[in-house]
Amino acid sequence: NTVPAESSPEEYADDVLISALPIKLAPGTQLKLRCYHGFWLPERFVPSAVALQRRFVPRPDDVIIASLPKCGTTWLNALAFATMARRSYPPTGADHPLVRLNPHECVPFLDALFSGGGARAASLDALPSPRLIYTHMPHAMLPRASAGVGCRVVYICREPKDTAVSLWQFRRSAHPELPVSDTFDSICDGDNTYGPFWDHVLGYWRASAACPESVLFLRYEELLRDPAENVRRLARFVGVPFSEAEEEAGVVRGIVDLCSLGSLRNLEVNRTGLMDGLGFPRKALFRKGVAGDWANHMTPEMARRMDDVVADKFRGTGLNF
Ligand code: A3P
């Protein structure tokens with residue numbers, strides 16, 4: 001075998017390794033998943049997991065948003081961006097980047113930046129500190145150095161049945177006939193995108209318990225219940241707490257309002273067009289945004305099965321849903 005001209009020997013060796021990994025299609029889609037170190041990653045992001053370990057050099061003041069898809073990533077990206085950029089961009093400003101850009105266009109996606117040999121990863125080096133980035137990678141796939149250098153990770157998790165329904169609804173935007181059962185079964189079986197979900201969640205849960213100053217563990221339902229208090233927590237965690245003057249001026253409220261589902265979903269940029277490089281409609285990121293929607297789409301048997309999986313996998317971990 002010869003190394004193709006466009007690949008380095010290292011990349012070629014990775015390709016050979018990746019092509020030998022177990023493969024599946026995500027239910028009802030053409031998305032190929034490969035099982036890499038126990039996690040079903042989108043095939044094109046397996047090289048990212050390898051490259052991240054080799055090439056990503058975290059800075060002490062980096063903030064990494066981490067999540068499973070459909071757990072509130074877009075919302076948390078928007079809140080973190082608005083919080084960290086508030087000195088340059090007051091949340092009520094008409095020219096705020098979140099008014100012109102989708103939240104994911106304000107926060108670079110680590111998994112995509114390191115795909116395809118990591119050529120685009122150089123753009124990360126050019127970003128000024130503190131950098132805000134997001135990933136769906138499991139905790140074990142972040143470079144070990146990210147814990148050592150003081151870089152901070154904010155993880156968001158969500159009730160698994162609601163996550164499942166959200167993922168199914170999202171996939172239906174491209175595959176309207178997709179039955180809920182296919183997505184549901186793959187989530188319970190642990191071979192959903194970036195799954196098994198329990199190992200993904202527990203990786204960050206345990207990291208947060210071991211190192212609470214490095215990993216903040218948030219829950220989507222808590223954000224819904226009290227967004228302002230969670231924005232304050234987030235700001236303290238990333239080292240930019242709100243001053244009394246900011247509190248009095250209503251900056252927290254401004255951030256919560258700017259990033260609310262009602263506000264983001266109505267913006268032209270989020271109602272139209274496709275996500276760059278990911279290819280799905282931007283509006284598919286903003287649906288209902290509530291807790292408990294699973295009850296409208298799952299049978300009691302499905303709910304019971306998933307609750308049993310959750311009870312089994314999270315028993316004794318201190319985390320429950
Ligand atoms: P639903 O499908 O249940 O409505 P992600 O961003 O990780 O893909 O998660 C998408 C889920 O977050 C969707 O849930 C979506 O509606 C919800 N969401 C997106 N923006 C939100 C916001 N600003 N506030 C609350 N929920 C939001």
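Small disclaimer: the values here were computed from a predicted structure and weren't measured. Basis for what follows: all heavy atoms, side chains included, without hydrogens, waters or symmetry-related copies. Remember, it's 1-based here, ligands and their atoms both numbered in the order they're listed.
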Contact (N/O only, under 3.5 Å) between G72 and ligand 1: yes

Whether D293 lies under 4.0 Å from ligand 1, heavy atom: no

N-O pairing of R253 and E246 below 4.0 Å: no

Shortest protein heavy-atom distance from atom 26 (N) of ligand 1, along with the residue and atom involved: Y220 OH, 2.8 Å

Over-ring placement of R265 relative to F286, 6.0 Å and 45° cut-offs: no

Taking atom 19 (C) of ligand 1 as the reference point, the nearest protein heavy atom with its distance: L285 O, 3.2 Å

Atom 22 (C) of ligand 1 - nearest protein heavy atom and its distance: W75 CG, 3.4 Å

Protein heavy-atom partner closest to atom 6 (O) of ligand 1 - residue, atom, separation in Å: T74 OG1, 2.5 Å

Check: D293 side chain, D162 main-chain N or O, donor-acceptor pair, under 3.5 Å: no

Per-residue contact class, A78 against ligand 1 - non-hydrogen pairs under 4.0 Å: neither

Within-shell test, Q169 vs ligand 1, heavy atom, strictly < 4.0 Å: no

Non-hydrogen side-chain atoms of D189 and F184 separated by less than 4.5 Å: no

R120 side-chain N/O to A112 backbone N/O, donor-acceptor pair under 3.5 Å: yes

Beyond-backbone contact of P130 with D62, side-chain heavy atoms, under 4.5 angstrom: no

contact_flag R158 ligand 1 heavy-atom lt 4.0 Å: yes

Region of E159 that comes within reach of ligand 1 [heavy atoms, distance under 4.0 Å]: neither

Pick from T163, T73, L261: the one approaching atom 20 (N) of ligand 1 most closely through a non-hydrogen atom: L261

Of the listed options C259, S166, G289, closest to atom 13 (C) of ligand 1 (non-hydrogen atoms): S166

cation_pi(R219, Y155) dist<6.0 Å, angle<=45: no

For atom 16 (O) of ligand 1, the protein heavy atom that lies nearest, with its residue and separation: R287 N, 2.9 Å

Parallel, tilted or perpendicular: ring planes of Y134 versus H104, cut at 30 and 60 degrees: tilted

Test item, S67 contacting ligand 1 (heavy atom, 4.0 angstrom): no

Short N-O contact, E247 and R232, less than 4.0 angstrom: yes

Ligand 1 versus F170: contacting region, heavy-atom distance under 4.0 Å: neither

Residue and atom name of the nearest protein heavy atom (relative to atom 8 (O) of ligand 1), distance in Å to one decimal: K70 NZ, 2.8 Å

Those atoms of ligand 1 less than 4.0 Å from some heavy atom in K288: 4 (O), 16 (O)

Distance flag, aromatic centroids of H136 and F109, threshold under 6.0 Å: yes

